[in-house]
Amino acid sequence: MLIGICGAKCAGKNTVAQYLIDHHGFKKLYIDLPAPQRDTSSLVQPKSETDSTTSPDSIKSYTPLHLKQTSASHSFPNIAALLDFVTKHWRSRWVTTNIHDEAALEVISRRPFFILISVDAPLTVRWRRHQHRHNGSQETSASDPISLEDFVSESDQHLYDASTGVLPLMSRAAIRLLNTSSDLAHLYATLGKLDLTNPDRLRPSWDSYFMSLASLAAQRCNCMKRAVGCVLVDSKHHVISTGYNGTPRHLQNCGEGGCPRCNAGESSGVSLSTCLCLHAEENALLEAGRERIRDGSILYCNTCPCLTCSIKIVQVGIAEVVYNQGYSMDTDTAQVFQTAGVRLRQFSPPANGLIHLEKMELY
């Protein structure tokens, strides 16, 4: 596994890398970049490891991680050499913060063992981190701290420069961390909740794979009320059929006014007898036909089936139903499946996209 980390100045890239090194056995990889290209920004550490409630005004900085290379680190002249090395040792865990342009990312992202993470934080937070690091650094104590205006200018250059800006890289990250934490212990705890080393992130499990297909099918829906997608698979993980919700063939699409009930904005569960839309599960079952549904078949749906669909699922002999999002009839559906001996379970893939670390629940 290779994790690449990019982000804004003083957002905490190196600290996230250090978390992976300290807690998951990663080793840091470096590219010998010219000095102006190095970004030594990182989240500052508490005064002591026991001070888990350190305030922003009392924290101090530490030596940038690229200056603290150890025998466990590896340095390369360019991205091609780094990628060649990792390709030969991809089963080990590696992390780098030295992906600085889209050309390098284009090459490295082709490898199935690579994940890109971006780290960002509000400008004022990053400015405070920079000030605290300057104030706590012996190397810079004799020099004047950079002004806010100069920091903003440098940050804008780092993010938005037409040739070297990292914003295009950050936009392509599978995981985008918003790091407003001033407490290293809290940051490490929230990162632990993300399960960054989950193998599903590299090669999706069958659950992740089929749920992704169901979510993709949902994008084809033409119902005004809810986007639902469904995938029906056999016991050998072969796709039998797919379905999404909307009006039947030869009728006007619901999104174009074809279903009066949906377009009237009726609440969930109200006036269902007048609804002209077929549910995703119904379409998948109709497409498959009873003769193609074998013992052990599994139905994946991005939304828990309603009561009406649940009895049809039972009737055709589905063995298991896997869903992602809840629905207003979950309790009734669960009761039907329990009585009929159909297994029902909820699946949630590892969190991706924009993640605000401060809002993560710790328990």
Side-chain ([X]) to main-chain ([Y]) donor-acceptor, under 3.5 angstrom:
| X | Y | result |
| --- | --- | --- |
| Arg176 | Met170 | no |
| Arg290 | Val316 | yes |
| His158 | Gly7 | yes |
| Ser310 | Leu307 | yes |
| Asn283 | Ala280 | no |
| Lys13 | Ala8 | yes |
| Asp120 | Leu178 | no |
| Trp94 | His89 | yes |
| Asp234 | Lys236 | yes |
| Arg292 | Ile240 | yes |

Can you confirm whether [X] is buried at [atom1], in the sense that more than 12 heavy atoms of other residues, nucleotides or ligands lie under 6.0 Å from that atom?
| X | atom1 | value |
| --- | --- | --- |
| Asp295 | CG | no |
| Phe113 | CZ | yes |
| Phe347 | CZ | yes |
| Gln315 | CD | no |
| Gln346 | CD | yes |

Would you tell me whether [X] and [Y] have side-chain atoms, one donor and one acceptor, within less than 3.5 Å of each other?
| X | Y | answer |
| --- | --- | --- |
| Ser153 | Gln157 | no |
| Arg111 | Thr87 | yes |
| Thr303 | Arg226 | no |
| Ser215 | Asn302 | no |
| Ser181 | Asn179 | no |

Pick out which of Val321, Ile318, Asp332 makes a side-chain contact (heavy atoms from CB on, under 4.5 Å) with Phe337.
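That would be Val321.
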Applying side-chain contact (heavy atoms from CB on, under 4.5 Å) between Leu2 and each of Leu29, Leu202, Ile115, report the one that passes.
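Passing option: Leu29.
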To the nearest 0.5 Å, what is the distance between [atom1] ([X]) and [atom2] ([Y])?
| X | Y | atom1 | atom2 | answer |
| --- | --- | --- | --- | --- |
| Cys277 | Leu251 | SG | CG | 9.5 Å |
| Cys306 | Glu281 | SG | CD | 6.5 Å |
| Arg261 | Ser273 | CZ | OG | 9.5 Å |
| Lys9 | Asp156 | NZ | CG | 11.5 Å |
| Thr96 | Leu116 | OG1 | CG | 11.0 Å |
| His279 | Cys221 | NE2 | SG | 11.5 Å |

Flag the pair [X] / [Y] as yes when at least one side-chain heavy-atom distance between them is below 4.5 Å, and no otherwise.
| X | Y | value |
| --- | --- | --- |
| Cys230 | Leu299 | yes |
| Leu177 | Leu194 | yes |
| Thr247 | Cys259 | yes |
| Arg126 | Ser155 | yes |
| Ser163 | Asp101 | no |
| Asp200 | Asp195 | no |
| Ser348 | Asn324 | yes |
| Phe151 | Leu123 | yes |

Work out which heavy atom in [X] is nearest to a heavy atom in [Y]; give both atom names and the distance.
| X | Y | value |
| --- | --- | --- |
| Asn263 | Gly257 | ND2-CA, 3.6 Å |
| Ile146 | Glu154 | CD1-OE2, 3.2 Å |
| Leu357 | His186 | O-CE1, 3.8 Å |
| Tyr19 | Gly192 | OH-CA, 3.1 Å |
| Thr333 | Cys304 | CG2-SG, 4.2 Å |
| Arg220 | Tyr244 | O-CE1, 3.1 Å |

I'd like to know if [Y] and [X] are part of one continuous hydrophobic network [Ile/Leu/Val/Met/Phe/Trp/Tyr, side-chain heavy atoms within less than 4.5 Å].
| X | Y | answer |
| --- | --- | --- |
| Val119 | Leu196 | yes |
| Tyr188 | Val125 | no |
| Val233 | Val228 | no |
| Ile298 | Leu344 | no |
| Val322 | Leu232 | no |

What's the verdict on side-chain contact (heavy atoms from CB on, under 4.5 Å) for Lys225 and Cys275, showing C-alpha distance, side-chain angles and the deciding distance?
CA-CA 11 Å; Lys225 296 292 290 183; Cys275 184; over 6 Å; no
Would you sort out whether Phe114 and Leu83 count as a side-chain contact (heavy atoms from CB on, under 4.5 Å), showing the intermediate values?
CA-CA 10 Å; Phe114 175 72; Leu83 184 57; over 6 Å; no
So which pairs with a foot in residues 292-312 pass ring pair (Phe, Tyr, Trp, His ring centres under 6.0 Å), sequence neighbours left out?
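Of all non-adjacent pairs touching residues 292-312, those that pass ring pair (Phe, Tyr, Trp, His ring centres under 6.0 Å) are Phe210-Tyr300.
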Are Glu282 and Lys312 within salt-bridge range, i.e. N to O under 4.0 Å?
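Yes.
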Hey, mind stepping through Ile175 and Arg201 against side-chain contact (heavy atoms from CB on, under 4.5 Å) and telling me if it holds?
CA-CA 10 Å; Ile175 307 168; Arg201 296 188 182 280; 3.3 Å; yes
Determine the interplanar angle of the Trp127 and His130 rings, folded into 0 to 90°, and report it as parallel if under 30°, tilted if 30 to 60°, perpendicular if over 60°.
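Taking His130 first and then Trp127, their aromatic rings lie parallel (interplane angle under 30°).
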Using side-chain contact (heavy atoms from CB on, under 4.5 Å), reason through Arg345 and Asp207 one step at a time and then give a plain yes or no.
CA-CA 11 Å; Arg345 60 186 174 90; Asp207 279 352; 2.7 Å; yes
